[in-house]
Amino acid sequence: MALRLVVLASGTGSLMRALLAARDGSFDVAALITDVPDAGAIAIAEDAGLEVRVVRRDDFADRVEWDEALAGAIGEFHPDLVVSAGFMRILGAAVLADFPDRIINTHPALLPAFPGAHAVRDALAAGVAETGCTVHVVDAGVDTGPVIRQERVPVQPGDDEATLHERIKSVERRLLVDVVRAIAAHGLTVHDRKVTIA
Ligand code: GRF
């Protein structure tokens, strides 16, 4: 039985596109859910025949109502795993309660270094010689959940945010596929913040 995924994305969707290209029967993607009505990810999802749901923050009175609506939109597809691939909002209590230890996120830095929405810019500003990317289980914090896999990525002379981020994304696309395939094959458990895929 293929692992059933729902993807959350707010941006161009290149990581989701890599997941879609890597479908090998061990997992499938049921839907894209986004908070951005004109996200580039929508066209990729539609071209791939995925269901798409837009859950705009401004359509709700407050964050709690938005989070509850997001939980409902995800739940409509009964996912085994929720993959946040460039979703630029913090998931709230309703989503976390509905999918405990079944939400993973990919972040363009070596967590715990450079959490938050500007990880690539922050790494450049810090002048580090290398950064990287992290796939982790999502918890209630901002990029604080237990790490599943990380990989280092060098910063090169002359890098700007775009060139460094693209180099990181090229690693993220491979890392995310590897992690999803491993979870599809072996399952994912988290105990006392320790991740086991086996
Ligand atoms: C990725 O680097 C992800 O880690 C970050 O946003 C980027 C999404 O890229 N949160 P894309 O929209 O999939 O191209």
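Ligands are counted one by one from 1 in listed order, and the atoms in each one are counted from 1 as well. Residues: numbered from 1 along the sequence shown.
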Report all N/O contacts between ligand 1 and the protein shorter than 3.5 Å as a table of atom names and distances to 0.1 Å; if there are none, say 'none'.
from     : atom 1 : to   : atom 2 : distance (Å)
ligand 1 : 2 (O)  : H165 : NE2    : 2.6
ligand 1 : 2 (O)  : E172 : OE1    : 2.6
ligand 1 : 4 (O)  : T106 : O      : 3.0
ligand 1 : 4 (O)  : E172 : OE1    : 3.4
ligand 1 : 4 (O)  : E172 : OE2    : 2.5
ligand 1 : 9 (O)  : K169 : NZ     : 3.4
ligand 1 : 12 (O) : T12  : N      : 3.1
ligand 1 : 12 (O) : T12  : OG1    : 3.2
ligand 1 : 12 (O) : G13  : N      : 3.0
ligand 1 : 13 (O) : S14  : N      : 3.1
ligand 1 : 13 (O) : L15  : N      : 2.8
ligand 1 : 14 (O) : T12  : OG1    : 2.5
ligand 1 : 14 (O) : S14  : N      : 3.2
ligand 1 : 14 (O) : S14  : OG     : 2.6
ligand 1 : 14 (O) : K169 : NZ     : 2.8

- Task: Return each pair, listed once, that meets salt bridge (charged side-chain N to carboxylate O under 4.0 Å, His left out) where at least one residue sits in residues 116-138; pairs must be two or more places apart or across chains.
- Result: R121-E161, E130-R152
- Query: Will you find, in the side chains of T134 and R149, an N or O donor that is under 3.5 Å from an N or O acceptor?
  - Reply: no
- Is there a chain of hydrophobic side chains (I, L, V, M, F, W, Y, each step under 4.5 Å between heavy atoms) that links I90 to V36? no
- Item | By salt bridge (charged side-chain N to carboxylate O under 4.0 Å, His left out) - contacts of E51 (at least two apart) | R53
- Query: Quick one: do I104 and V29 end up in the same hydrophobic cluster if we chain Ile, Leu, Val, Met, Phe, Trp and Tyr together by side-chain heavy atoms under 4.5 Å apart?
  - Reply: yes
Please list every donor-acceptor pair under 3.5 Å in which a side-chain atom of residues 107-116 meets a protein atom from a residue at least two apart or in another chain.
from : atom 1 : to   : atom 2 : distance (Å)
H107 : ND1    : D143 : OD2    : 3.4
H107 : NE2    : F114 : O      : 2.7

